[in-house]
There are 2 protein chains.
Amino acid sequence: MRRAVAGPGGTVRGPRQGRPTLEEVAERAGVSRATVSRVVNGQTTVAEELREAVEAAAAELGYVPHAAARSLVTHRTDSVALILPESPNRVFSDDQFFPSVIRGVASELDAAGKLLVLLTTGSAEARLRAERYAVGGHVDGVMFASLHDADLLPELMLRRGVPVVCNGLPHLAAPCIDVDHIGGVRAAIEHLIAQGRTRIATVAGPQDMVAGRERLDGYRQALAAADRRAIVAVGDFTAESGQAAMRQLLADEPGLDAVFVASDLMAHGALQALREAGRRVPEDVAVIGFDDIALALFCDPPLTTVRQPIAQIGRSMARAMLRLLEGQEVEPLKVLPTELVIRESA
Amino acid sequence: MRRAVAGPGGTVRGPRQGRPTLEEVAERAGVSRATVSRVVNGQTTVAEELREAVEAAAAELGYVPHAAARSLVTHRTDSVALILPESPNRVFSDDQFFPSVIRGVASELDAAGKLLVLLTTGSAEARLRAERYAVGGHVDGVMFASLHDADLLPELMLRRGVPVVCNGLPHLAAPCIDVDHIGGVRAAIEHLIAQGRTRIATVAGPQDMVAGRERLDGYRQALAAADRRAIVAVGDFTAESGQAAMRQLLADEPGLDAVFVASDLMAHGALQALREAGRRVPEDVAVIGFDDIALALFCDPPLTTVRQPIAQIGRSMARAMLRLLEGQEVEPLKVLPTELVIRESA
DNA sequence: CTGTTAGCGCATTCAT
DNA sequence: ATGAATGCGCTAACAG
């Protein structure tokens with residue numbers, strides 16, 4: 001038995017003390033370190049007899065390879081980071097977007113035996129830490145969810161030779177996964193027009209993000225095609241901002257009879273604002289959201305919305321990353337389909 | 001210059017190739033590796049002149065310490081794992097529990113400059129990977145959220161000398177953070193009794209978890225104190241199971257006039273079952289949930305529920321882990337308060 | 001205050 | 001098929 005190293009008050013000092021090493025396994029099995037290494041890494045060039053001896057010794061000692069030592073020589077860690085460019089509070093708020101992306105990524109990496117490291121970069125320090133973390137070789141690659149235009153981290157990582165996969169910033173020399181924002185929004189607007197709605201407004205998302213811009217573009221295009229006038233207010237994807245923007249729209253254009261809101265969370269806020277103003281949905285004002293998160297079902301009335309396959313974004317990002325790490329080719333831009341889900345609000 | 005290693009098709013092989021090392025920085029700055037190391041690690045015992053030279057050289061080369069190399073000698077990684085003992089699909093589902101715990105953990109670790117590694121252990125392989133990951137020294141410590149009784153991972157890690165903090169399994173030689181389930185449930189039942197409800201049923205949670213058992217205990221205790229009979233069905237914390245259990249209760253005891261449901265998600269299912277059965281809430285049947293996640297507000301009618309401070313569980317776990325890693329004392333069991341939030345369903 | 005030296009635990013040549 | 005030797009990049013004693 002190895003002596004347990006303990007501090008003054010009996011407190012254990014340092015995480016791991018008596019962890020068995022390759023060398024100890026080798027000694028116990030009566031072979032060289034190299035042989036143990038071969039067995040541990042599943043090479044087939046080892047005599048059955050020795051292999052069994054090594055396996056027995058490893059089991060008895062409870063040997064587990066030391067990650068850092070191994071990664072120091074292999075330059076691989078078998079883990080991948082997912083960077084969420086918001087604060088933890090925002091990432092794990094009511095908005096199901098990030099959790100769903102994480103779910104997709106996690107299940108795909110899980111299946112590949114890779115580990116997921118989550119990093120939020122809502123602050124400048126957090127961004128710096130993430131950079132040092134990734135560049136420091138803690139992970140084999142980095143995935144970004146829902147990027148803002150001004151975020152330099154992806155480029156920086158690319159320059160450092162870190163494999164990168166993006167969501168929300170195409171044309172970046174890194175594979176990008178996104179959805180068909182414009183197509184989805186056009187379907188929504190056309191649905192409103194087909195209903196006979198004439199004054200169709202929008203609550204747009206933040207304009208420093210592709211998702212915000214393209215959903216607004218889709219709205220403008222569909223309206224222009226029908227020769228209608230655009231009525232626009234801008235939010236930041238939060239419920240509060242949706243409520244405020246809806247109030248603004250009602251003030252600007254009291255006669256509006258429909259609104260496309262660029263996220264379900266904002267749509268929930270917009271519904272509140274409409275209720276405050278005494279407008280009935282959908283009789284007076286039709287409302288369509290975007291995302292189709294669980295909340296859409298719980299809205300009153302249940303929200304008609306453009307569904308985007310959020311978890312699928314995560315899965316696709318993970319798969320692209322896995323291919324990248326294998327040195328296989330990856331398509332530079334993958335666009336997933338969106339779909340109008342009609343419920344009661346429009 | 002180091003030879004760049006490239007594969008056949010020009011594909012880069014292995015993530016990082018020409019990354020500058022301590023040695024190169026030292027050479028460029030005209031000092032020894034040790035001096036560079038001192039500067040990089042912020043030691044004050046370096047002459048101003050040399051320090052500046054080193055910093056300049058490091059900046060020019062874009063030097064970032066190699067995590068594995070450092071951790072190989074320091075035995076520290078500055079990152080901590082949070083283990084979520086469910087599948088990714090369950091962890092990141094409608095239930096806000098895990099996301100909220102993650103949020104609490106992330107914000108606290110963030111502030112301490114530590115990194116968060118998320119591991120889901122919903123399958124046997126995932127559990128094995130998590131074990132090897134933690135024991136392999138990838139992280140400095142491991143936190144468990146919402147443990148099941150039969151989960152051996154915490155004990156296993158403890159035996160391996162990995163610092164552990166738990167939620168959901170007390171008495172385990174590892175600090176445990178939990179909430180006052182029993183107190184919260186008793187308050188709920190007393191509220192129902194004060195309303196004059198006489199036949200009070202419960203949809204209990206899974207009985208292989210402390211949260212499930214204690215919430216049922218609280219219910220039984222409060223009923224016994226009032227000399228009432230217990231009416232019990234069991235779910236697994238999902239909405240579907242809540243709906244099924246509620247149907248069961250209505251079949252078993254058509255005359256019930258109140259139900260305490262051990263999670264908001266199950267309560268949402270129960271409300272559906274009650275609606276199906278034509279019972280009005282709260283007129284015919286009062287409903288109280290547990291958790292106070294966002295969904296509770298969106299229920300129809302808005303759900304009276306026992307609030308537990310979920311994000312606070314995460315924060316407390318993180319703080320306990322940080323203290324553990326500092327070698328400071330940590331209280332073995334921390335119980336956070338719960339609180340009855342009265343809305344319209346009871 | 002600085003440089004020299006010696007490993008950390010492992011995978012991987014290269015001999016045998 | 002196996003073992004001996006080497007080095008990944010870094011920190012920490014130890015001298016000076």
Side-chain angles (χ1 to χ4, degrees), chain A residues 2 5 14-54 57-58 61-78 132 135-138 140, chain B residues 2-3 5 13-54 57-58 61-78 132 135-138 140:
Chain A
R2 183 176 300 267
V5 182
R16 246 157 303 296
Q17 302 298 347
R19 206 140 72 57
T21 69
L22 246 200
E23 176 129 34
E24 293 171 299
V25 177
E27 190 177 5
R28 181 166 192 123
V31 298
S32 72
R33 288 172 354 202
T35 298
V36 176
S37 177
R38 287 176 186 120
V39 171
V40 167
N41 291 310
Q43 290 193 27
T44 50
T45 63
V46 179
E48 192 54 34
E49 193 183 308
L50 291 189
R51 141 168 284 107
E52 280 168 16
V54 168
L61 263 41
Y63 171 73
V64 173
H66 186 101
R70 170 178 280 179
S71 128
L72 182 57
V73 37
T74 59
H75 287 293
R76 285 179 34 249
T77 64
D78 290 324
R132 301 182 71 88
V135 174
H138 251 307
D140 297 339
Chain B
R2 182 177 306 265
R3 183 175 66 87
V5 182
R13 187 204 286 139
R16 247 156 305 296
Q17 302 298 346
R19 207 140 72 58
T21 70
L22 245 199
E23 176 129 34
E24 294 172 307
V25 176
E27 190 177 6
R28 181 166 191 124
V31 299
S32 72
R33 289 173 355 205
T35 298
V36 176
S37 175
R38 287 176 186 121
V39 172
V40 167
N41 291 310
Q43 290 193 24
T44 51
T45 64
V46 179
E48 192 54 33
E49 193 182 309
L50 291 189
R51 143 168 280 108
E52 280 168 16
V54 169
L61 263 40
Y63 171 74
V64 172
H66 187 101
R70 170 179 281 177
S71 128
L72 183 55
V73 38
T74 60
H75 286 294
R76 286 181 30 248
T77 64
D78 289 324
R132 301 183 71 88
V135 175
H138 252 306
D140 297 338

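Keep in mind it's a predicted model, so treat the numbers as computed, not measured. Just so we're on the same page: letters track the sequence lines, and every chain starts at 1.
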Rounded distance (Å) that lies between atom [atom2] of [N] and atom [atom1] of [X]:
X	N	atom1	atom2	value
A:Arg51	D:dA1	CZ	P	12 Å
B:Leu72	D:dC8	CG	C1'	9 Å
A:Arg76	C:dG9	CZ	P	21 Å

Reported CD-to-OH distance for the pair A:Glu24 and A:Tyr63, which is rounded to 0.5 angstrom:
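Nearest 0.5 Å value for the CD-OH distance: 10.0 Å.
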Does the side chain of [Y] come within less than 4.5 Å of [X]'s, by heavy atoms?
X	Y	result
A:His66	B:His75	yes
A:Val36	A:Glu23	no
B:His138	B:Thr77	no

Give the nucleotide from the list C:dC8, D:dG3, C:dT2 with an atom nearest to the side chain of B:His75.
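My answer, after comparing the listed nucleotides, is C:dC8.
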For residues 39-47 of chain B, please give each side-chain donor-acceptor pair under 3.5 Å, one per line with the distance, not counting sequence neighbours.
residue	atom	partner	partner atom	Å
B:Asn41	OD1	B:Arg70	NH2	3.0
B:Asn41	ND2	B:Ser37	O	3.0
B:Asn41	ND2	B:Ser37	OG	3.4

Kindly give the atom pairs (protein nitrogen or oxygen, nucleotide nitrogen or oxygen) under 3.5 Å for nucleotides 10-13 of chain D.
residue	atom	partner	partner atom	Å
D:dC10	OP1	B:Tyr63	OH	2.4
D:dC10	OP1	B:His66	N	3.3
D:dC10	OP2	B:Leu22	N	2.3
D:dC10	N4	B:Arg33	NH2	3.0
D:dT11	OP1	B:Asn41	OD1	3.4
D:dT11	OP1	B:Asn41	ND2	3.1
D:dT11	OP1	B:Arg70	NE	2.8
D:dT11	OP1	B:Arg70	NH2	3.1
D:dT11	OP2	B:Ser37	OG	2.8
D:dT11	O4	B:Arg33	NH2	3.3
D:dA13	N6	B:Arg38	NH2	3.4

Taking the nucleotide of DNA chain C with the closest heavy atom to each, which residue, B:Ala47 or A:Ala68, is nearer the 5' end?
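Its nucleotide being nearer the 5' end, the pick is B:Ala47.
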Would the distance check show the side chain of B:Arg28 and the main-chain N or O of B:Val54 forming a donor-acceptor pair, the cut-off being under 3.5 Å?
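Absent.
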